[in-house]
Protein chains: 2
Amino acid sequence: MKDVKFNYNPHISVDCVVFGFDGEKLKILLIERNIDEGKEFYSDKKLPGSIIYEEEGLDTAASRILTELTGLKNVFLTQFHSFGDPQRSSNPRDVNWLEMTTQTKIGRIVTVAYIALIKIDRKIVFDSESTTAKWYDLDDLANMKLAFDHNEIALKALSFMRRFISLVPNALFELLPKKFTMTELRSLHDIVVGVTSDVRNFQKKVLQTPGLIPLDEVKKNVPHRAPKLYSFDKRKGSKIFF
Amino acid sequence: MKDVKFNYNPHISVDCVVFGFDGEKLKILLIERNIDEGKEFYSDKKLPGSIIYEEEGLDTAASRILTELTGLKNVFLTQFHSFGDPQRSSNPRDVNWLEMTTQTKIGRIVTVAYIALIKIDRKIVFDSESTTAKWYDLDDLANMKLAFDHNEIALKALSFMRRFISLVPNALFELLPKKFTMTELRSLHDIVVGVTSDVRNFQKKVLQTPGLIPLDEVKKNVPHRAPKLYSFDKRKGSKIFF
DNA sequence: TGCTTATATTGTAAAAAATACGCTATGAAA
DNA sequence: TTTCATAGCGTATTTTTTACAATATAAGCA
């Protein structure tokens, strides 16, 4: 599964909180792992992530691991926090699983967490050797017990993402398909920022954004008046965060 | 120097970018280290930081290390970024020094960086065994070559701090003495945020802040009209960042 | 003591930005 | 052709931000 030329660094990992938007709700991409515990079969969920290689930078590792687990490349990725509670990797189930998949002896791990924003219609390799990637409703997170401290990480990621979008609204376009309607943009914005914008005022402001281009095209197959499509040109409308 | 009951984790460190304000300029607290290289004596500067203990959380480590190197306790500390370039700990001078002071074999280190905001008039233990803590003008940073990748860390800390203050202006009070004048507050604000505020408009806005209390006291020993002093009550005026 | 110097203190008007609000249009389905 | 569901679109009001300058006072000095 992994390139044996490289040695793992068993002390540091990266985890990615991958967000998507299905037109109605925010989604999070989780890895379902199947654990054969001998007497019984156990299945639970975790964030896509793994320990890094000895000779590898953090951003590189995040991007590599995301590709390995999902097939995704060229993803918008930003580091947001590191988690190092000494107890965070103390569950034997987590440790055993990691030791098995990496063939490496694991002790305490500090993890560097990233958020990723992706267009939900991108093709994802949903099955790898021992794992399956699946989209989940972000609302359901509270009812799921993820591996390690991944619940905490995901929650903090969400709060970071909201703040990040308030600062850099353009990053929203990472979550939308290439062609989108004004309503899609608005409802995504409202969900993320946690407001309910006025339709007209939102449109007014958004149309001033450099890079937002109205297309000569409408959305097909809707059971009502067809809405106009827009696209966004990054080069014209980027702001810088860091 | 350090408690021998604890084992170091030689893979992870924390570094603190400590900011202060002297009434005119932003300052950064650096550690001067003196290296005896046998044939010659070498001296340079670094951020306060060190490798963590095996059983220690990250926030705890940051706070402990800051206390060890400066004597400071109860400091405003926030994690802001982790740095993990495989080359960042490749300078033999840095590695040797760390191995000497910690008596631990060092390889690649990922560091978790924090910003600290402190009142510059707090007492600092400026001398420890092999190091001296000193305040430096932040402007001079560009002309100093710090150890490891500490120049990069300090720069990113500054940019984070500016953004942080824009979100949580109340954190400015961490940098001011307990009693301060409106002018001090304004010039600090302006330096950090990078604007020049109108005197009257600034005052107007700031006086609406809950927790900002005008005192019945003026600043003494000024060669002109004595300005009124203010203080800030955290409990009444706190916003939450994370 | 009174004059000079340096900074402190204070309000109002104009401009800009944010908000509130409802009617007509149109594609699809029945 | 009617109904349904959402698209599209402009103006008036409120709130926030900005611009701007004359008087007050503590300290130092003649």
Side-chain angles (χ1 to χ4, degrees), chain A residues 21-25 162 165-170 172 176-210 212-232 237 239, chain B residues 21-25 165-170 172 176-177 179-210 212-232 237 239:
Chain A
F21 177 64
D22 69 357
E24 297 202 348
K25 289 185 157 192
R162 291 186 197 282
I165 292 291
S166 307
L167 270 158
V168 193
N170 287 352
L172 277 181
L176 288 172
K178 275 187 191 146
K179 298 174 179 184
F180 50 87
T181 67
M182 193 54 75
T183 304
E184 286 165 349
L185 175 57
R186 179 169 42 80
S187 55
L188 172 58
H189 169 271
D190 284 7
I191 288 173
V192 171
V193 181
V195 295
T196 50
S197 311
D198 177 85
V199 182
R200 279 174 287 187
N201 296 336
F202 182 85
Q203 185 134 341
K204 214 183 302 175
K205 219 186 292 176
V206 130
L207 287 178
Q208 293 165 15
T209 308
L212 191 101
I213 13 194
L215 304 175
D216 279 333
E217 203 177 333
V218 292
K219 188 161 186 173
K220 293 288 178 189
N221 300 319
V222 285
H224 52 74
R225 177 170 175 183
K228 183 184 269 197
L229 289 168
Y230 296 81
S231 75
F232 180 68
K239 283 195 206 174
Chain B
F21 176 64
D22 68 358
E24 296 202 349
K25 287 185 157 193
I165 293 290
S166 306
L167 270 159
V168 193
N170 287 351
L172 276 182
L176 287 172
K179 300 175 178 183
F180 50 86
T181 68
M182 195 53 77
T183 305
E184 285 164 351
L185 176 56
R186 180 169 41 80
S187 56
L188 171 58
H189 169 271
D190 284 7
I191 288 171
V192 171
V193 181
V195 295
T196 51
S197 311
D198 177 85
V199 182
R200 279 176 283 189
N201 296 335
F202 181 85
Q203 185 132 340
K204 214 182 303 172
K205 218 186 290 176
V206 132
L207 286 177
Q208 294 165 14
T209 307
L212 192 102
I213 14 195
L215 304 174
D216 280 333
E217 203 176 334
V218 293
K219 188 160 188 174
K220 293 287 176 191
N221 300 318
V222 286
H224 52 74
R225 176 170 176 183
K228 184 182 269 196
L229 288 168
Y230 296 82
S231 75
F232 180 69
K239 283 195 205 175

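None of the values given here were measured: they were computed from a predicted structure. Naming: A, B, ... by sequence-line order, numbering from 1 per chain.
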Interatomic distance, A:Ile191 atom CD1 to A:Ile165 atom CD1 [nearest 0.5 angstrom]: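 Nearest 0.5 Å value for the CD1-CD1 distance: 12.5 Å.
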- request: Considering non-hydrogen atoms only, spot the tightest contact between A:His189 and A:Val195 and give its length.
  value: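 The pair with the smallest heavy-atom distance is CE1-CG2, 4.0 Å.
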Heavy-atom closest contact (B:Ser187 atom, B:Gly23 atom, distance):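 Nearest pair, atom of B:Ser187 first, then B:Gly23: OG-O, 4.2 Å.
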What are the atom names and distances for every N/O pair under 3.5 Å that joins the protein to nucleotides 12-18 of chain C?
unit_1 : atom_1 : unit_2   : atom_2 : d
C:dT12 : O4     : B:Lys204 : NZ     : 2.9

4.5 Å side-chain heavy-atom contact, A:Arg186 and A:Thr183: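 Counting from C-beta outward, A:Arg186 and A:Thr183 do come under 4.5 Å.
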query: Would you say A:Leu172 and A:Phe21 make side-chain contact, with heavy atoms under 4.5 Å?
result: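 They are not in contact (no side-chain heavy atoms under 4.5 Å apart), so the answer is no.
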field: Close approaches to DNA chain D from residues 179-200 of chain B, in residue order (heavy atom, under 4.0 Å)
entry: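 By residue number: B:Asp198, B:Arg200.
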All salt bridge (charged side-chain N to carboxylate O under 4.0 Å, His left out) counterparts of [X], not counting sequence neighbours:
X: A:Lys179; value: A:Glu217
X: B:Asp198; value: none
X: B:Asp190; value: none
X: A:Glu24; value: none

Tell me: [atom1] of [X] to [atom2] of [N], nearest whole Å?
X: A:Gln203; N: D:dG10; atom1: CD; atom2: C1'; answer: 12 Å
X: A:Lys228; N: D:dA7; atom1: NZ; atom2: P; answer: 14 Å
X: B:Phe202; N: C:dT9; atom1: CZ; atom2: P; answer: 13 Å
X: B:Gln208; N: C:dT10; atom1: CD; atom2: C1'; answer: 15 Å

field: Sequence-distant partners of A:Lys205, side-chain hydrogen bond (donor to acceptor under 3.5 Å, both in side chains), two or more places apart
entry: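 Scan of A:Lys205 (side-chain hydrogen bond (donor to acceptor under 3.5 Å, both in side chains), adjacent residues dropped) gives none.
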query: What pairs with A:Thr196 under side-chain hydrogen bond (donor to acceptor under 3.5 Å, both in side chains), at least two apart in sequence or on another chain?
result: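 Residues passing side-chain hydrogen bond (donor to acceptor under 3.5 Å, both in side chains) with A:Thr196: none at all.
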query: To the nearest 10 degrees, what angle separates the axes at the start and end of the helix from C:dT1-D:dA30 to C:dA30-D:dT1, five pairs each?
result: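 Comparing the first five pairs with the last five, the axes sit 0° apart.
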- prompt: In the 5'-to-3' direction, what one-character label does each nucleotide of nucleotides 22-30 of chain D receive under the scheme B = base within less than 4.0 Å of a protein heavy atom, S = sugar-phosphate only, - = no such atom?
  reply: --BBBS---
query: Considering residues at least two apart in sequence or located in another chain, which fulfil the ring pair (Phe, Tyr, Trp, His ring centres under 6.0 Å) criterion with B:Phe180?
result: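 Ring pair (Phe, Tyr, Trp, His ring centres under 6.0 Å) check on B:Phe180 returns B:Phe173.
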Listed pairs under 3.5 Å, donor-acceptor, residues 219-232 of chain A side chains, sequence neighbours left out:
unit_1   : atom_1 : unit_2   : atom_2 : d
A:Lys219 : NZ     : A:Glu184 : OE2    : 2.5

